[in-house]
Amino acid sequence: MIDGVVRITENEWEVPCGYIPGMRVPGRFFLSESLGRILEPGALAQLANVATLPGIVKHALAMPDIHWGYGFPIGGVAAFSLDDGIISPGGVGFDINCGVRLLTTPVSLQDINNRKKDLIDQLFHVVPTGVGAKSSQKIPSHALDEMMIKGARWAVENGYGNERDLVRCEEAGGMMGASIKTVSAKARQRGIPQGGTLGSGNHFLELQVVREIFDPVAAKAFGIRDGQVCCMIHCGSRGLGHQVCTDHLKLLETATKKYQIKLPDRQLACAPISSPEGRDYFSAMASSANYAWANRQLITHAVREVLAKMFGIEYDEMPLVYDVAHNVAKIEEHRVDDKRMQVCVHRKGATRAFGPRSPDLPSDLSTIGQPVIIPGSMGTSSYVLCGTATAMDKTFGSTCHGAGRVMSRSQAKKRLSGKEVAANLAKEGIIVRAPHENAIADEAPDVYKPSDEVVRVVHDAGISRLVARLVPVGVIKG
DNA sequence: ATGTGC
């Protein structure tokens, strides 16, 4: 595929240790030959760079939606020893705990067909959308601390959801280790008015219908059935997480020098996990991750209220399938060289995909595995998959997170008009609403890798298993 | 991703 890269299996490739100087472990990535033709050499170089970081164990990994990012590639997974390993904001990303959740409903496409526009309009009205969007729900500023410590639990305790929602979130919707002292006043100021807002870019709220079931047993366990209308919510920690990343990058650039860590790229700024600087970043990141879970829970509540009123259904008839984080670092136990060890797993544009009998799974899914929610791009299919034992073995229980860009935002804006993109989607019966027309062009289906190909690779490689396919019927873009 | 660029 690329000089110096070794094929391991059909869809699995190795970047050997000699690829660039200083690699401590090999790189491994999952890719089909057709996706290989659009692989950016820069992203592969970034994967090799990650392999040079202190304390990295096993492999620097990349999923088939790999593309170039800040320091680490997006679609990257890397685990570091707690003894001599580092933690790096570049391995998490600017939008801390950007993630996605899927709600099911008891209604079918026929039930909504003649009210689709009204439904999308109402959802657009209750979920503030776009750059700098402010909350419509009245969230007092003193609630921010609790959001950062408790995550989605704060929302549930305040009437924005139910206990079952928490069981259906990774980490029960709230990570341990958050500390509000490590979050700057500026980050807090940005977070206070943004609870329950969608944001912009690739963030969206989408009504979908289940079109295909691949694994009936898992689908039933996840509460998914053919023809059912679902709602997928994709958003993150908004300005708060962004500010935390910016603040701590600066602190960790200093720490990199202080601890004499040699880096092939300064965007890999990091500190030992055990250092005060590393621990502070972890706490601030966990606080932001929890804010993002609270945020998705607030949006969920707003969506349920609209659907309940419009279709006369009960709140409890719209259960959460699952909520996954795409951008986060977590302390987990994994098997490395036949020993079980605690590692700090960085997932950046990658999804946790824990296999059967893993910790943190809801008890009724223990024999099945973790639900994995993979959004498509506007107008293309989204997928529900299931975590596997192979993922535990090969990727620290991780899989892809979505389609992955093939065209930059600026390039897309030059080539495509938002109006045209919306009109093309309308022909397929997909309604798009956005605060501005130009928010549509750079998220057009053609600017993303084909999601079905990305998902096929992770399924064939065995690092997750196909459960269901959903198609869009209406979408709100930031 | 982001009160969207030093």
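Just so it is clear, the model here is predicted, and its values are computed rather than measured. Letters A, B, ... are given to chains in the order of the sequence lines, protein chains preceding strands, and every chain is numbered from 1.
OP1 or OP2 of dT4(B) has not a single side-chain nitrogen or oxygen of Arg409(A) nearer than 4.0 Å. For dT2(B), one of the phosphate oxygens OP1 or OP2 lies less than 4.0 angstrom from a side-chain nitrogen or oxygen of Ser200(A).
Taking the side chain as every heavy atom from C-beta outward, Arg101(A) and Val324(A) never approach each other to under 4.5 Å. Residues Leu82(A) and Ser274(A) are not in side-chain contact: their nearest non-hydrogen atoms beyond the backbone lie 4.5 Å or more apart. The shortest distance between side-chain heavy atoms of Phe29(A) and Val15(A) falls below 4.5 Å.
Between the side chain of Asn295(A) and the main chain of Gly196(A), a donor-acceptor pair closer than 3.5 Å is present.
Counting non-hydrogen atoms under 4.0 angstrom, Gly93(A) reaches nothing in the nucleic acid. Across all strands shown, Gln189(A) has no heavy atoms under 4.0 Å from either base or sugar-phosphate atoms. The residue Lys186(A) sits close to a base: some heavy atom pair falls under 4.0 Å. Within 4.0 Å (heavy atoms only), Gly236(A) reaches no atom of the nucleic acid at all.
If you measure from atom NE2 of His242(A) to atom P of dT4(B), you get 10 Å, rounded to the nearest angstrom. Atom CG of Leu240(A) is separated from atom P of dT2(B) by 12 Å (rounded to the nearest Å). Nucleotide dT2(B) holds its C1' atom 9 Å from the CG atom of Asp95(A), rounded to whole Å. As a whole-Å value, the separation of Tyr70(A) OH from dT2(B) P is 17 Å. When the P atom of dT2(B) is taken as reference, atom CG of Asn327(A) falls 11 Å away, rounded to whole Å. A straight line from OH of Tyr291(A) to P of dT2(B) spans 11 Å, rounded to a whole angstrom. If you take NZ of Lys413(A) and P of dG5(B), they are 12 Å apart, rounded to a whole angstrom. Put simply, CD on Glu443(A) is 18 Å from P on dT4(B), counting in whole angstrom units.
Between Phe72(A) and His346(A), the two ring planes are parallel [angle under 30°; tilted spans 30° to 60°].
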